[in-house]
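As structure tokens, the structure follows; a few thoughts come after it.
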Amino acid sequence: MRNLLEWLKQKKTTPRSPLAAPLSGSAGRGISSNLLENIQEIQRLFSLAPDLIIRYLDNAKTNERAVLVYLSGLVDKNAIDNNIIAPLLRRGHTKTKESRLDQVITVGSIEVITDWGRVERAVLLGNSLVFMEGKQEAYEIKATGWPQRAIEDPQTEASLLGAHQGFVETSEQNIAMIRRYIPNRTLKIREMHIGERGICKVSVIYLEDVVYSDVLNELIKRIQQVDVDAILNTGELQEMIEDSRYSPFPLLITTERPDTTASHILQGRIAVVVDRSPKVLVGPASFSTFFQNVDDYNIRWPIATFFRVLRFSAFLIATFLPALYIALISFNYEIVPLDLLISIGESRERVPFPPLLEAMLMEITLEMLREAGVRLPAPIGQTVGIVGGIVIGQAAVQAGIVSNIMVIVVAFTAIASFIIPNYNMASAIRLVRFLMMVLAAMFGIVGIVIGLMCLVGHFLTLESLGVPYGTPLAPVRFSDWKDLFVRLPLRGMDKRPVSTRAVQLRKQDHKPSGEAES
């Protein structure tokens, strides 16, 4: 034990490899007034970078020397040629030689930077830099233009009546789509950069006069504490800032719909937009929010209530139905009607496996088919689904490997799991289902009750950004029940959910940003 503790201590204090250190340690060093020295420093920082472009711009009219630096694949080349290079070379036609550079260059925003750390970061983020002879500063020009796809219909959150726009991999476009839904000056955006090697821009979006400051500060603190080489996807950041790292259930909402994100922000929640990812995080979340869909608010409230109840019923079916089947035919068959018991017995007559093994076999086969269908191209994925669902299922029954009843149970369970609108929640339910099946095989219905109690207890211990995960059921918030199992008419839902800890509960209240409540 002592040796193990010493080994862990050494492991914790092991210095990082020199290869993992920052690229150059250039932060803090000032830019030289000598243009040649600046070019040499740029070439040293970005050695073996064939996409680095250094363009010399000598203006014969004003005798000015300048250098433009950028990475070729990350900039808008038309903007570079027409809005940066051409104005700089025409600069002699202006009346005053000492006119400011931002009055000459006609693209994006321009910032003056003075140290090499910011130069390095600016180039890697796709910005262009202009160095002038005799000036100990550089001009950072935002003229980014990397390859990007068009805005498409969300793939994992289909909507019949909602908008058909989904997030893309560029955070500026994602923020613009959110702002179109909330064109209000109280919509605030705080930008942060995380990642040591792959710098990633993270934007925290919220309503200044609605959001609860403690929740906001906690989220920002967690993001600032992330210390990694790079964030490649939203899921990585989600796992690092969630309250519990060991729970299978998602504690933050992941969405690819701007209208869904705007709806959550209006309710007092906070959105986190990660550059290079088409997903947006939303928090704090409660268990019931994963069963809400944007279509619920586009249809009449009795129909929306019916669908809401259907989803909660699907959660129970997807979690407990195979386990209940195993318990009934293994332990508690006395509560099954005799005719149904005889039918089940005849169906299982040729099956040599116990119910648990039979159920595991079918469930794992279904999970493999589901994963294969997702990873393969769409036409082949559909073929795999047909082959797996019909051919293998029917052949397995005829071969006596599984029973007809088990095929029905697994198919019904699969359909129920597809009704869950959130992919992460549906995946967690699939995992919990296996645990329930094992408990049912060991203790029957008593095992299922034990599993249900453990599940409820687990929900009660979870938090999302400090907000109880079980709210509005535990702790009880009766005012939020109008949008829980039922969806009451929108005229009666004039207040934001208490569970979000919004400062302004009444939705129509609006105060200028300078009068925001703290």
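Numbers here simply count residues along the sequence, with the first being 1.
- Residues Glu196 and Asp227 are in side-chain contact: their nearest non-hydrogen atoms beyond the backbone lie under 4.5 Å apart.
- With hydrogens and angles ignored, the 3.5 Å screen pairs a side-chain donor or acceptor of Arg311 with a backbone N or O of Phe291.
- A donor atom on one side chain and an acceptor atom on the other are not found under 3.5 Å apart for Glu169 and Ser277.
- A donor-acceptor contact closer than 3.5 angstrom links the side chains of Tyr297 and Asp483.
- Judged by distance alone, the side chain of Arg222 and the main-chain N or O of Ile241 form a donor-acceptor pair under 3.5 Å.
- The aromatic rings of Phe478 and Trp481 sit tilted relative to each other, their planes meeting at an angle between 30° and 60°.
- Side-chain atoms of His458 and Ser247 form a donor-acceptor pair, as typed in the model, at a separation below 3.5 Å.
- Side-chain atoms of Arg348 never come within 3.5 Å of backbone atoms of Pro354 as a donor-acceptor pair (strictly under, hydrogens ignored).
- For CZ of Phe412, the number of neighbouring non-hydrogen atoms (other residues, nucleotides, ligands) closer than 6.0 Å is 12 at most.
- Nearest heavy-atom pair, Leu488 versus Met493, reported as atom, atom and distance to 0.1 Å: O-SD, 3.3 Å.
- Closest of all the heavy-atom pairs between Pro475 and Pro468 is CD-CB, 3.5 Å.
- Residues Ile299 and Phe307 meet the side-chain proximity criterion, which asks for heavy atoms closer than 4.5 Å.
- Side-chain contact between Val168 and Asn174 is present, with heavy atoms from C-beta onward closer than 4.5 Å.
- Without hydrogens or angle criteria, Asp480 side chain to Pro497 main chain gives no donor-acceptor distance under 3.5 Å.
- With Asn233 contributing its side chain and Gly235 its backbone, the two residues share no donor-acceptor pair below 3.5 Å.
- Comment: Glu239 does not engage Arg245 in a salt bridge, judged by the lack of any side-chain N to carboxylate O separation of less than 4.0 angstrom.
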Donor-acceptor contacts under 3.5 Å from residues 321-341 side chains, at least two apart:
residue, atom, partner, partner atom, Å
Ser330, OG, Ile326, O, 2.8
Asn332, OD1, Ile445, N, 3.1

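- Annotation: Gln225, atom CD; neighbour count of heavy atoms from other residues, nucleotides and ligands within 6.0 Å is above 12.
- A 6.0 Å sphere centred on OH of Tyr212 holds no more than 12 heavy atoms belonging to other residues, nucleotides or ligands.
- The closest donor-acceptor contact from the side chain of Arg257 to the backbone of Glu157 lies under 3.5 Å.
- What you find for Ile401 and Glu358 is that their closest heavy atoms are O-CG, 4.4 Å.
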Check the pair Lys201 / Glu172 against salt bridge (charged side-chain N to carboxylate O under 4.0 Å, His left out), numbers first and verdict last. CA-CA 10 Å; Lys201 185 170 69 175; Glu172 284 83 0; 2.7 Å; yes
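- At distances below 3.5 Å, not a single donor-acceptor pair connects side-chain atoms of Gln173 with backbone N or O atoms of Phe167.
- Residues satisfying the side chain to side chain contact (heavy atoms under 4.5 Å, CB included) test with Leu232, not counting sequence neighbours, are Ala230, Glu236.
- Between the side chain of Asp295 and the backbone N or O of Leu160, at least one donor-acceptor pair lies under 3.5 Å.
- If you look at Phe249 and Phe290, their ring centroids are not closer than 6.0 Å.
- For Met368, the CE atom counts as loosely surrounded, since its 6.0 Å shell holds 12 or fewer non-hydrogen atoms of other residues, nucleotides or ligands.
- A donor-acceptor contact shorter than 3.5 Å links the side chain of Thr234 to the backbone of Lys279.
- Heavy atoms only, all atoms of each residue included: Val282 and Ala285 are closest at O-CB, 4.5 Å.
- Contact of the Val215 side chain with the Pro284 side chain is registered, since non-hydrogen atoms from C-beta on lie closer than 4.5 Å.
- For Gln238 (side chain) and Leu252 (main-chain N/O), a donor-acceptor pair under 3.5 Å exists by modelled atom type.
- With respect to Arg149 and Glu152, a salt bridge is recorded, a charged nitrogen being found less than 4.0 Å from a carboxylate O.
- Looking at Asp214 and Arg501, no side-chain N of the basic residue comes within less than 4.0 Å of a carboxylate O on the acidic one, giving no salt bridge.
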